[in-house]
> 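Here you go, one structure.
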Amino acid sequence: MATNRSEALTGARKLCRTMASAPLPQARARELFQVLIRARGWSSAEEAAIAELGAWLDTRPAPSALKDRCEKLLGRL
């Protein structure tokens, strides 16, 4: 289900806040990406930044790097 931009940001921020305590931080980061990518209302630059996060997640980064990268993206959005 597609959501609007503000709903997606609210949901993504919640997922980001709880990422460090998640049993599977990679899954939490992937869920955050899915929330953002399904939302409507992004500019083309914002869509590119979200897609970049998805591509980065596909590289299976270290769990310690996930929260920082997600927070930086959310700050840009």
> Which heavy atom of Ala8 sits nearest to which heavy atom of Thr3, and what is that distance?
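Looking at all heavy atoms of both residues, the shortest contact is CB-OG1, 3.9 Å.
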> List, one per line, each side-chain donor-acceptor pair under 3.5 Å for residues 14-22, sequence neighbours excluded.
{"residue": "Thr18", "atom": "OG1", "partner": "Lys14", "partner atom": "O", "Å": "3.2"}
{"residue": "Thr18", "atom": "OG1", "partner": "Leu15", "partner atom": "O", "Å": "3.3"}
{"residue": "Thr18", "atom": "OG1", "partner": "Arg28", "partner atom": "NH1", "Å": "2.5"}
{"residue": "Ser21", "atom": "OG", "partner": "Thr18", "partner atom": "O", "Å": "3.2"}

> Looking at CH2 of Trp42 and CD1 of Ile50, how far apart are the two atoms once the value is rounded to the nearest 0.5 Å?
4.5 Å
> Would a 4.5 Å heavy-atom cut-off, applied to side chains only, mark Leu32 and Leu53 as touching?
yes
> Would you be so kind as to tabulate the donor-acceptor pairs closer than 3.5 Å made by side chains of residues 67-77, with sequence neighbours excluded?
{"residue": "Asp68", "atom": "OD2", "partner": "Lys72", "partner atom": "NZ", "Å": "3.3"}
{"residue": "Arg69", "atom": "NH2", "partner": "Glu52", "partner atom": "OE2", "Å": "3.4"}

> Counting only pairs under 3.5 Å, give me each side-chain donor-acceptor contact of residues 56-66, with atom names and distances, residues two or more places apart or in other chains.
{"residue": "Asp58", "atom": "OD1", "partner": "Arg30", "partner atom": "NH2", "Å": "2.6"}
{"residue": "Thr59", "atom": "OG1", "partner": "Trp56", "partner atom": "O", "Å": "2.5"}

> Name all residues meeting the side chain to side chain contact (heavy atoms under 4.5 Å, CB included) criterion together with Leu24; count only those two or more places apart in sequence or in a different chain, and write none if there are none.
Ala27
> With sequence neighbours left out, write down each residue that passes side chain to side chain donor-acceptor pair (under 3.5 Å) with Arg5, or none if nothing qualifies.
Glu46
